[in-house]
Amino acid sequence: MLCADFWSFSLSVLTMKKRKTVTENQTETGSNAADSASGSLDIGGLAGVFGTSDHKNIGRLYIFFGLFGGMLALILNILVRFERASIGSVGILDFGSSNQFFQTWSLSRTSLLFFCVLPLLIGLATYLVPLQVGAPSLSFPRAAALAFWAWLIGILIHVVTVFADGGLGEPNPTSQFAQGMDPEATELSILSIGMVVLALLVGTVCVIATIISQRPQGMTLFELPLFSWSMLVAGSIWILALPIWLSNLAISWVDFLGADALRYGAVENIWGQLSWLWSQPMIFAFAIPVLGIVGDIIPVSSGVTQRQYRIQQIAIGAMGALSFGAFAQPFFNPDVADQAVFVSMGILVLVPVLVFMGGLADTSIRGNLSFSAHLVLSVVGMLALLVAAAASAFHVSGPAIGAIQEINDSWLDGLITWLRDVHGTVMATAVMEHVLIASVIGVVAGLYYWSPKIFGYQLNRNVGALSAITLLGGLVLSGGSNIINGILDEGDEVFSSSAYEGVWDTDAVEFFNIVGAIGGVLLLAGVGLVVLDLTISVILRKGNSENANDPWGGHTLEWSTDSPPPTGNFSDAPVVDNERPLLYPAVTGGDDQ
């Protein structure tokens, strides 16, 4: 009963303003779409929570649960970092199972990506994309609702099964199954994480279908706001790559069920077939929307339109092309790290990030930046992504230098050997961490920017700025310590004793892992500040609700309707002919798209 009351209260707060009825002079198409979108929007209690198909409620649910998923991932990461502070022994994570360290390590990665970053991005897009493209609803709203609940149920099952001695294999089994490892729990872990990814794919399809099919009159793809454009690019890469990952998972599961696993389902091989998703270049696909979020925030904060808008779109598209990494699977191609395509993509991913930041800097210089929490968070998120791209280029530089070597100098040979050795170190973890934390920071920037539109209240500017500083400090300590330990040759498979065989200085590695654990605590505190601000400003209604419709002077369509928007989002179907329709309203209806 208490749970039902909590959900009823939360949903009523999140839909706090009275809904406007659809006007009688609304177009027939908009009216029909609004009717189909209304669903159970005004139904309270658990029926309203479980039965909603309104994209705005689904987006809010993704955001709230995604933040808590991020806190879970960061807690697990802190445990792993403290465990790494004592090389050669397992203390904190020794719960009677030799498998526990690896399972905690792998769960920290799966939860950061699948329980936090992707649901936050999809949740933000589920809420905002229909508003940005002038649509009355999300395409396939019931499928989107089903996807959310399947995702939530899947992560609950997965977490329980991992801690019930399941998980995604065991790299160093002591017998047919690892000590304490339960085959049935492992089977359910594989199925549940597959359920999670499939649900996220369905949610992505709903967002992309909205962009493709529900744009208003006059809006071509080149007039899309940058966040919607970035979701189109990123979502397309996810739809191409994640089914391949699911195929890896399915093959492992089928072989695992056999009496004797031949290869793919052997417990020591399961994770190796899945790990490419957290490695470069693929990991950058999950930070593409950060460019779109920041690209929508900076021009508004500057009070001017984005300069060289097409170049910004091209930069986002280029990052998408350079982040498709389904081919880079070391389990099937051990030499992929030395191949020209892999090395080139690892280096060139820095280019679109620099081009995009240059466009933002040009816009900022020509405008008049006004201080805000979302501006500070945007800058921090872009800096994190820039460091990730630079670390990626350094990570693959050994083969690149070797490929252009034309002389036989011993010092150059030594440099190449050292750079090649860096490839198998926690430098890869540093790249992953910077990319995914940059995504989290970018979403938080989006929450502070769009909170009046999403919740009807502004979040606290000072808390947002403090969160930005805390997240930046945490990333410097946590990600920076991994970069240093990569240079010191700490192996990337930190759960294995072989990861520390070539370490230059054991004491230094242990020290920097303690520093990294402190950084993890700061990252957790930064996300916790955001959750606290949402609780006080939104749930307890302490936030500023004045001028909630458009407090920043927004440029795109979402700021032309009420906050939160009514059923059907817009009273009349919008007509646009440029990427900044509120700055430059359409004079004519334009051509049908």
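Only a predicted model underlies this, so the values are computations on that prediction, with no experimental measurement involved.
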Indicate every side-chain donor-acceptor pair of residues 461-475 with a distance under 3.5 Å to a residue at least two apart or in another chain.
unit_1 : atom_1 : unit_2 : atom_2 : d
Ser467 : OG     : Gly526 : O      : 3.0
Thr470 : OG1    : Leu466 : O      : 2.8

Backbone N or O of Leu274 within a donor-acceptor pair of the Trp245 side chain at under 3.5 Å? yes

Pairwise side-chain contact, Trp253 with Leu191, heavy-atom cut-off 4.5 Å (strictly under): yes

Trace of the side chain to side chain contact (heavy atoms under 4.5 Å, CB included) decision for Leu168 with Thr110: CA-CA 10 Å; Leu168 299 176; Thr110 54; 4.1 Å; yes

Flag the pair Trp229 / Ile211 as yes when at least one side-chain heavy-atom distance between them is below 4.5 Å, and no otherwise. no

Taking every heavy atom of Ala241 against every heavy atom of Met282, the minimum-distance pair comes out as CB-CE, 3.4 Å

Ala430 and Asn482 have their tightest heavy-atom pair at CB-CB, 3.7 Å

Which heavy atom of Gly203 sits nearest a heavy atom of Ala147, and at what distance? N-CB, 3.8 Å

Taking only residues two or more places apart in sequence or in another chain, which ones pass side-chain contact (heavy atoms from CB on, under 4.5 Å) with Leu188? Ile157, Thr161

Below 4.5 Å, heavy atoms only, C-beta onward: do Met427 and Ile487 meet side chain to side chain? yes

Answer whether the closest heavy-atom distance between the side chains of Leu360 and Ser378 falls below 4.5 Å. no

Does any N or O in the side chain of Tyr127 come within less than 3.5 Å of the main-chain N or O of Lys453, such that one atom is a donor and the other an acceptor? yes

Decide if atom CZ of Phe68 counts as having more than 12 heavy atoms of other residues, nucleotides or ligands within a radius under 6.0 Å. no

Is the shortest heavy-atom distance from the side chain of Ile283 to the side chain of Leu277 under 4.5 Å? no

Nearest heavy-atom neighbours spanning Leu459 and Ser451: N-OG, 3.4 Å

Which residues pass the side-chain contact (heavy atoms from CB on, under 4.5 Å) test with Ala250, sequence neighbours left out? none

Any residue meeting side chain to side chain donor-acceptor pair (under 3.5 Å) with Ser108, in chain and number order, not counting sequence neighbours: none

Keeping His434 on the side-chain end and Ala384 on the backbone end, is there a donor-acceptor pair under 3.5 Å? no

Under the salt bridge (Lys or Arg N to Asp or Glu O under 4.0 Å) definition, can you give me all pairs with a residue in residues 100-112, not counting sequence neighbours? Arg109-Asp492

Please name the pair of heavy atoms, one in Ala438 and one in Gly381, separated by the smallest distance, quoted to 0.1 Å. CB-O, 3.7 Å

Hey, is the main chain of Ser392 close enough, under 3.5 Å, to the side chain of Gln280 for a donor-acceptor pair? yes

Given 3.5 Å as the limit, does a donor-acceptor pair link the side chain of Ser481 with the main chain of Ser478, or not? yes

From CA spacing to verdict: side chain to side chain contact (heavy atoms under 4.5 Å, CB included), Leu121, Trp238: CA-CA 12 Å; Leu121 292 173; Trp238 302 347; 4.0 Å; yes

Donor-acceptor check, side chain of His395 to backbone of Ala391, threshold 3.5 angstrom: yes or no? no

What distance do Ile441 atom CD1 and Met382 atom CE have between them, rounded to the nearest 0.5 Å? 12.0 Å

When rounded to the nearest 0.5 Å, the distance separating CD1 of Ile251 from CG of Asp255 is 9.5 Å

Checking side chain to side chain contact (heavy atoms under 4.5 Å, CB included) for the pair Phe102/Glu493: CA distance, chi angles, key distance, verdict? CA-CA 9 Å; Phe102 168 74; Glu493 295 182 344; over 6 Å; no

Gap separating the CG atom of Leu524 from the CG atom of Leu529, nearest 0.5 angstrom: 10.0 Å

Considering only heavy atoms from C-beta outward, does the side chain of Leu386 approach that of Leu350 to under 4.5 Å? yes

Is the backbone N or O of Arg84 less than 3.5 Å from a side-chain atom of Asn513, with the two atoms forming a donor-acceptor pair by type? yes

To the nearest 0.5 angstrom, please state how far the CD1 atom of Ile239 sits from the CD1 atom of Ile244. 12.5 Å

Please give me the minimum heavy-atom distance between Ala517 and Ile78, naming the atom from each residue. O-CG1, 4.2 Å

For the side chain of Gln103 and the backbone of Gly166, is there at least one donor-acceptor N/O pair under 3.5 Å apart? yes

Quick one: list whatever passes side chain to side chain donor-acceptor pair (under 3.5 Å) with Ser252, sequence neighbours left out. Gln273

Could I get the full list of side-chain contact (heavy atoms from CB on, under 4.5 Å) partners for Leu488, not counting sequence neighbours? Ile484, Asn485, Trp504, Ala508, Val509, Phe512

About how many Å separate CZ of Phe331 and CG of Asn269, when rounded to the nearest 0.5 Å? 4.0 Å

Is there side-chain contact between Pro183 and Phe256, with at least one heavy-atom pair below 4.5 Å? yes

Would you list the atom pairs, donor with acceptor, under 3.5 Å between side chains in residues 442-450 and any protein atom, with sequence neighbours excluded?
unit_1 : atom_1 : unit_2 : atom_2 : d
Tyr448 : OH     : Asp533 : OD2    : 2.7
Tyr449 : OH     : Trp559 : NE1    : 3.3
Trp450 : NE1    : Glu558 : OE2    : 2.9

Residue pairs meeting salt bridge (Lys or Arg N to Asp or Glu O under 4.0 Å), one or both in residues 270-282, sequence neighbours left out, come to none

Can you check ring pair (Phe, Tyr, Trp, His ring centres under 6.0 Å) on Trp151 and Tyr62, steps first, answer last? CA-CA 9 Å; Trp151 167 79; Tyr62 266 125; 5.6 Å; yes

Candidate pair Gln329 and Asn248, rule side chain to side chain contact (heavy atoms under 4.5 Å, CB included), full reasoning: CA-CA 10 Å; Gln329 300 191 33; Asn248 292 138; 3.3 Å; yes

Mind listing the side-chain donor-acceptor pairs of residues 113-120 below 3.5 Å, one per line with the distance, residues two or more places apart or on another chain?
none

Any side-chain heavy-atom pair from Leu246 and Leu201 closer than 4.5 angstrom? yes

Whether Phe65 and Phe148 hold their rings parallel, tilted or perpendicular, with breakpoints at 30° and 60°: tilted

Can you tell me how far apart CZ (Phe227) and CG (Leu232) are? Round to the nearest 0.5 Å. 12.0 Å

Check for a donor-acceptor pair, side chain of Ser230 on one end and backbone N or O of Leu226 on the other, with a separation under 3.5 Å. yes

Restricting to side-chain contact (heavy atoms from CB on, under 4.5 Å), what partner residues turn up for Ser247, sequence neighbours left out? none

Set of residues satisfying side chain to side chain donor-acceptor pair (under 3.5 Å) with respect to Ser192, sequence neighbours excluded: His158

